[in-house]
Amino acid sequence: GAGVSQSPSNKVTEKGKDVELRCDPISGHTALYWYRQSLGQGLEFLIYFQGNSAPDKSGLPSDRFSAERTGGSVSTLTIQRTQQEDSAVYLCASSSQTGETQYFGPGTRLLVL
Amino acid sequence: GESVGLHLPTLSVQEGDNSIINCAYSNSASDYFIWYKQESGKGPQFIIDIRSNMDKRQGQRVTVLLNKTVKHLSLQIAATQPGDSAVYFCAENYQGAQKLVFGQGTRLTINP
């Protein structure tokens with residue numbers, strides 16, 4: 001497909017478990033972003049990757065959150081020891097250049113019980 | 001700090017009417033603006049963008065207006081349809097910034 005894809009589309013987990021969320025950006029896009037969106041809320045920036053540069057992690061809410069981007073393409077967001085307040089939609093976006101139009105995936109809906 | 005905000009959190013219009021969604025920004029150095037539409041259960045979808053060297057840009061049934069004097073951005077949707085019901089976000093970027101700054105969103109409801 002030509003768009004940003006994310007998997008899984010839905011994830012239900014128990015408190016304390018680790019989860020991994022995957023993002024496949026648009027081919028050729030060098031910038032990749034992760035956001036979190038709580039129900040009825042706006043977009044909360046989490047982390048940003050640009051090419052081979054060090055990622056901007058300024059939005060990660062705690063050290064339980066981490067992300068990596070392998071080979072400049074696919075990215076994985078990992079949440080360790082999940083808490084109920086981590087329940088949200090996690091959105092990934094990519095862009096061809098820094099600060100330009102971001103194209104979003106459908107999101108992963110995470111529910112922590 | 002810089003921020004992007006919205007005048008109205010919710011907006012209801014009759015089907016067929018025109019709608020206007022407003023957005024205020026505080027960073028006078030912002031030079032690129034985007035409107036996104038987010039339908040329930042989906043990710044934000046790009047609608048239209050505008051650069052600071054323009055004050056108006058038109059798309060299909062949508063027009064974005066930029067007033068740099070008062071740092072105001074608006075999205076006009078003509079002849080609204082039920083499918084226009086969604087949350088609309090504005091976002092800004094200023095030269096040198098590495099990420100967009102998003103507003104909180106306005107929920108638009110189209111009444112039949």
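The chains referred to below are lettered A, B, ... by the order of the sequence lines, with proteins before strands, and numbering in each begins at 1. Everything numeric in this text was worked out from a predicted model, so none of it was measured.
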State whether the number of non-hydrogen atoms from other residues, nucleotides or ligands found under 6.0 Å of [X] atom [atom1] is greater than 12.
X: B:Gln14; atom1: CD; result: yes
X: B:Asn53; atom1: CG; result: yes
X: B:Lys68; atom1: NZ; result: yes
X: B:Gln60; atom1: CD; result: no

Linked, directly or transitively: A:Leu43 and A:Leu77 (ILVMFWY side chains, under 4.5 Å):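 Shared cluster, no.
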Same cluster (ILVMFWY, side-chain, under 4.5 Å), A:Phe65 and A:Val112: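 Shared cluster, yes.
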Part of A:Ser58 within contact of chain B (heavy atom distance under 4.5 Å):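 Side chain only.
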Nearest 0.5 angstrom please: [X] [atom1] to [Y] [atom2], how far?
X: A:Gln37; Y: B:Phe102; atom1: CD; atom2: CZ; value: 10.0 Å
X: B:Phe46; Y: A:Gln102; atom1: CZ; atom2: CD; value: 12.0 Å
X: A:Tyr103; Y: B:Tyr36; atom1: OH; atom2: OH; value: 7.5 Å
X: A:Thr101; Y: B:Tyr32; atom1: OG1; atom2: OH; value: 2.5 Å
X: A:Tyr35; Y: B:Leu100; atom1: OH; atom2: CG; value: 5.5 Å

Interchain contact, B:Gln38 with chain A, by part (heavy-atom threshold 4.5 Å):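 Only the side chain of B:Gln38 comes within 4.5 Å of chain A.
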Over all atoms of both residues, closest heavy-atom pair of A:Leu91 and B:Gly43: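 Here A:Leu91 and B:Gly43 meet closest at CD2-CA, 3.8 Å.
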